[in-house]
There are 2 protein chains.
Amino acid sequence: MPRIVAERADILPALAEVFREHGYEGASLALIGQRTGLGKGSLYHFFPGGKEEMANAVLDEIDGWFETRIFRPLREEPDAAAAIRASLRDTDAYFRSGRRVCLVGVLALGDVRDRFAERIHSYFLAWRDALASALVRTGVAQEMAASLAEEAVAMIQGALVASRALQDSELFGRMLNRLEGRLLAGSNPR
Amino acid sequence: MPRIVAERADILPALAEVFREHGYEGASLALIGQRTGLGKGSLYHFFPGGKEEMANAVLDEIDGWFETRIFRPLREEPDAAAAIRASLRDTDAYFRSGRRVCLVGVLALGDVRDRFAERIHSYFLAWRDALASALVRTGVAQEMAASLAEEAVAMIQGALVASRALQDSELFGRMLNRLEGRLLAGSNPR
DNA sequence: TCGTTCTTGTACCGAACGGTACAGATTGTT
DNA sequence: AACAATCTGTACCGTTCGGTACAAGAACGA
C-alpha cells in the first residue's frame, strides 16, 4: 500500500474546502475521501474521532490563520489604520472576493451550532475585539469603536451571503471598500 | 384513518421552521414528519415531489409574506421614510430579533444553492430594489440609494449570522437601529 | 346504504450514511 | 534480512436516508 500523505496537516486545506462547500452534515466521508484522495482507513488513522475531529482540526487551522494574519496585527501593529486596511485586503483574498464562504459563519447558521458553539463564539469575538482595538488606536472613542467593529464583522458575513445570493462577484469588494471608508473616516488618509 | 390536516398550507409554518433550523439536507423526512405531525404517506400526498416540492412551497410562502409585508409597501407607500421604518420593525419581528434564521440566506450558503438559485436571487433582488426605490423617494440620489440598499440587505443577513455566532440576543436590534439611522439620515426625523 | 374519493399509517425498498475491523503493503531501524 | 511501526484499501457493520406501495379508515354524495 503506497503512502500518499505524510502529515494530516497536508490534507487540511482540502478538508476545509469540503466543509465550506457542503457544510458539516453535507460533507460525507465518501466526499471527503474523494476530495482528499484518502480512503476511510487513512482518514480514521489521522482523525480517530471521525468527522467531528476533522472539523475541529479545520477550525484550528482557521483560528491559527486568522490569529496570525488578521487578529494579531489588528491588536499589535503600531500603525492601526494601516493594519485595518491590510486586514480588509487579506479578508478579500481569503474569501476569494466572496466566491469562498466562511466556514464559521456556515456552522453558526446550521443545526450543528451547539456542537461548535464555543469555537464559533470565540472566533467572532476575537475578530470584533481585535478590530475594535485597532479602531481605538486610530482615535475612535471606545464605544464607537465597539459599534463599528460589531458592524464590520456582520457586514463581512452578510456580504458573503449577499454576493452568493445575488451572484454578483464584485459585491464583496464593493462592500469592503465602503467598510474601509467608514472605519477610517476619522483617521488620516493614506 | 383520522384526518388531521385539511390543506397543505396548514403545515407550511412548521415545515418552514424545520428547514430553517436544519437546512435543506438536514431536514430529514423523519424530522419533518415528527414536527408536522404527518406521516410519510400524508407528506407525499400533499407534496408528490418530495422534499424539493416542500422547500419550494415554503419559499413560495416566504416570497408572498415579504412581497406583501415588506417589498410592496417599500415600493408603493407614499410616505417612504415611514415605510422604511415599518419594514425594519417587521423584519425584526419576522426574524424574532435574530433568534430565527433567514431560510433564503441559509440556502444561499449551502450546496443546494444551485437548485434554488433563481428563487434566492430574485428574493434578494426584490428586497434590495424595493428598499432602493423607497430611498429614492425620500430624496436620496439613485446611485447612493442602490449602495445603501445593497448594504442594508447584507447587513441584515450578517446580523443574523453574528447574533447567532456571538449568542447576543440584542445584537440584531442594535444593528437594525443603526441601519435605520443610516438609511434615514437625509430625511426628516419622525 | 353503498360506492367513490380523499387521506393516512405502515411496511418496505435500494442506496448512502458514519464508523469499525483488519489484512496487507510500505517504510525506517537494526 | 528481519522487525516493528506506520499507513492504506476493502469489506462490512447497523442505522438512516428519500421515496414507493398499498391497504384501510374517514368523509361525503347518491
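Per chain, numbering begins at 1; letters A, B, ... match sequence-line order. These values consider heavy atoms only, across backbone and side chains, with no hydrogens, waters or symmetry-generated copies. All figures in this text were calculated on a predicted structure; none of them were measured in a lab.
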Of all residues at least two apart in sequence or in a different chain, which pass the side-chain contact (heavy atoms from CB on, under 4.5 Å) check with A/Gln142?
A/Val136
Using a cut-off of strictly less than 4.0 Å, decide whether B/His45 has a side-chain nitrogen or oxygen near OP1 or OP2 of C/dT8.
no
What are the residues of residues 20-32 of chain B, sorted by number, that bring a heavy atom to within less than 4.0 Å of DNA chain C?
none
With sequence neighbours left out, write down each residue that passes salt bridge (charged side-chain N to carboxylate O under 4.0 Å, His left out) with A/Glu17, or none if nothing qualifies.
A/Arg20, A/Arg100
Among the nucleotides D/dG9, C/dC6, D/dG18, whichever has the atom closest to the side chain of B/Tyr44 is D/dG18
Got a sec, which pairs hit side-chain hydrogen bond (donor to acceptor under 3.5 Å, both in side chains) with one end in residues 160-169 of chain B, sequence neighbours left out?
B/Asp168-B/Arg174
side-chain contact (heavy atoms from CB on, under 4.5 Å) against A/Asp79, all qualifying residues, sequence neighbours excluded:
A/Glu77, A/Ala81, A/Ala82
Who passes side-chain contact (heavy atoms from CB on, under 4.5 Å) against A/Arg69, sequence neighbours left out?
A/Trp65, A/Asp90
Distance, rounded to the nearest Å, where A/Arg8 contributes CZ and D/dT8 contributes P
14 Å
If you restrict it to nitrogen or oxygen atoms, what contacts under 3.5 Å exist between nucleotides 10-14 of chain C and the protein, and what is each distance?
none

Nearest to the side chain of B/Lys51, heavy atoms from C-beta on, is which of D/dG19, D/dT8, C/dT20?
D/dG19
Whole-Å distance between C/dT20 C1' and A/Leu43 CG?
14 Å
Near DNA chain D, which residues from residues 52-62 of chain B have a heavy atom under 4.0 Å away?
none
Under the salt bridge (charged side-chain N to carboxylate O under 4.0 Å, His left out) test, residues paired with A/Glu61 that sit two or more places apart
none
Name all pairs fulfilling the side-chain hydrogen bond (donor to acceptor under 3.5 Å, both in side chains) condition that reach into residues 122-134 of chain B, sequence neighbours left out, sorted by first residue then second.
B/Ser133-B/Arg137
Atom-pair distance (CG on A/Leu38; C1' on C/dG18), nearest Å:
17 Å
Under the salt bridge (charged side-chain N to carboxylate O under 4.0 Å, His left out) test, residues paired with B/Arg178 that sit two or more places apart:
A/Glu150, A/Glu151
Report the residues that fulfil side-chain hydrogen bond (donor to acceptor under 3.5 Å, both in side chains) with B/Tyr24, sequence neighbours left out, ordered by chain and then residue number.
B/Arg115
Once the angle between the rings of B/Tyr94 and B/Phe66 is folded into 0 to 90°, is it parallel (under 30°), tilted (30 to 60°) or perpendicular (over 60°)?
perpendicular
Within this structure, what is the CZ-to-P distance between A/Phe46 and D/dG9, rounded to whole angstrom?
11 Å
Give the rounded distance in Å between these two atoms: CD of A/Gln34 and C1' of D/dT10.
17 Å
Any side-chain to backbone donor/acceptor pair from B/Asn56 onto B/Glu52? Under 3.5 Å, distance only.
yes
